[in-house]
Amino acid sequence: MGSDAYARIYAVVRRIPRGRVSTYGDVARIAGLPGRARQVGYALHALDEDAGVPWQRVVNARGEISLRGDTGLDSLQREMLRSEGVLFDEQGRLDLDRFAWRPRRDSPKRARLGVRENRT
DNA sequence: GCAATGACGCTCT
DNA sequence: CAGAGCGCCATTG
């Protein structure tokens, strides 16, 4: 534990703006750990509550909350995201084309879809 | 050190 | 579009 990889992962997650989300695979890739999406899951699982890392902004590539329901964290994550303006459909999924965070380059396509601001 | 597990992802059906 | 299968690799028992 205490590995440098975890620190990189946390640093990337901290960069995700409020009202946006990223995926495990994207976080891994941005952190310089391509193909290690699962390690992102381990890192977030071992995370403390008061670590100041917005773990709720990380979802899987389907735009769905990937937590298992037995801990109750899945509902917590959905609530936190909803309070940030991230909307879920009836299938419990969010639209990655609208809410996915794309660092280093802002796609005009996404801007056209109305992501530039979150107004309830 | 081997086998099973998992907050994942991509491809094929 | 949904489900199943396979690949991936750090972590755990």
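Throughout, a chain's letter reflects where its sequence line sits, starting with A, and its residues are numbered from 1. Since the structure is predicted, the reported quantities are computational estimates derived from the model, not experimental observations. For the numbers below, each heavy atom of this structure counts, side chains included, while hydrogens, waters and symmetry mates do not.
Here side-chain hydrogen bond (donor to acceptor under 3.5 Å, both in side chains) pairs that include residues 27-44 of chain A, with residues two or more places apart or in two chains, are D26(A)-R29(A).
Among the nucleotides dT11(C), dA7(B), dG9(B), the one closest to any side-chain atom of Y6(A) is dT11(C). Distance from the side chain of Q39(A) is smallest for dT11(C) among the nucleotides dG9(B), dT11(C), dA7(B). Residue T23(A) places its side chain closer to dG9(B) than to any other of dG9(B), dA7(B), dC8(C). Comparing dG7(C), dA7(B), dG9(B) by their nearest atom to the side chain of A61(A) picks out dG9(B).
Residue R38(A) contributes atom CZ, which lies 12 Å from atom P of dC8(C) at whole-angstrom precision. If you measure from atom CZ of R29(A) to atom C1' of dC9(C), you get 18 Å, rounded to the nearest angstrom. Put simply, CG on L44(A) is 14 Å from C1' on dA10(C), counting in whole angstrom units. Across the protein-nucleic acid pair, D26(A) atom CG and dG9(B) atom C1' stand 11 Å apart, rounded to whole Å. Atom CD1 in I65(A) sits about 14 Å away from atom P in dG9(B), given to the nearest Å. The interatomic distance linking I30(A) (CD1) with dG9(B) (P) rounds to 12 Å, in whole Å. Computed from coordinates, the N60(A) CG to dA7(B) C1' distance equals 9 Å when rounded to whole Å.
Under the rule for a side chain to side chain donor-acceptor pair (under 3.5 Å), R78(A) has no partner lying at least two apart in sequence or in another chain. Residues meeting the side chain to side chain contact (heavy atoms under 4.5 Å, CB included) test with L47(A), sequence neighbours left out: Y10(A), L44(A), A51(A), V53(A), W55(A). For E64(A), the side chain to side chain contact (heavy atoms under 4.5 Å, CB included) criterion is met by N60(A), R62(A), R93(A), not counting sequence neighbours.
A 6.0 Å sphere centred on CZ of R82(A) holds no more than 12 heavy atoms belonging to other residues, nucleotides or ligands.
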Can you tabulate the close N/O pairs, meaning under 3.5 Å, that link protein atoms to atoms of nucleotides 3-5 of chain B?
residue	atom	partner	partner atom	Å
dT5(B)	O2	Y42(A)	OH	3.2

Under-3.5 Å N/O pairs linking protein and nucleotides 1-5 of chain C:
residue	atom	partner	partner atom	Å
dA2(C)	OP1	Q91(A)	OE1	3.1
dA2(C)	OP1	Q91(A)	NE2	3.4
dA2(C)	OP2	R93(A)	NH1	3.1

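A salt bridge is absent between E84(A) and R20(A); no separation between the charged side-chain nitrogens and carboxylate oxygens falls under 4.0 Å.
For the pair V13(A)/S22(A), no side-chain contact is recorded, criterion being any heavy-atom separation below 4.5 Å from C-beta on. In this structure, the side chains of F99(A) and L87(A) come closer than 4.5 Å at one or more pairs of heavy atoms. You'll find the side chain of V27(A) reaches within 4.5 Å of the side chain of I9(A), heavy atoms only.
With hydrogens and angles left out, the side chain of R36(A) and the base of dC9(C) share no donor-acceptor pair within 3.5 Å.
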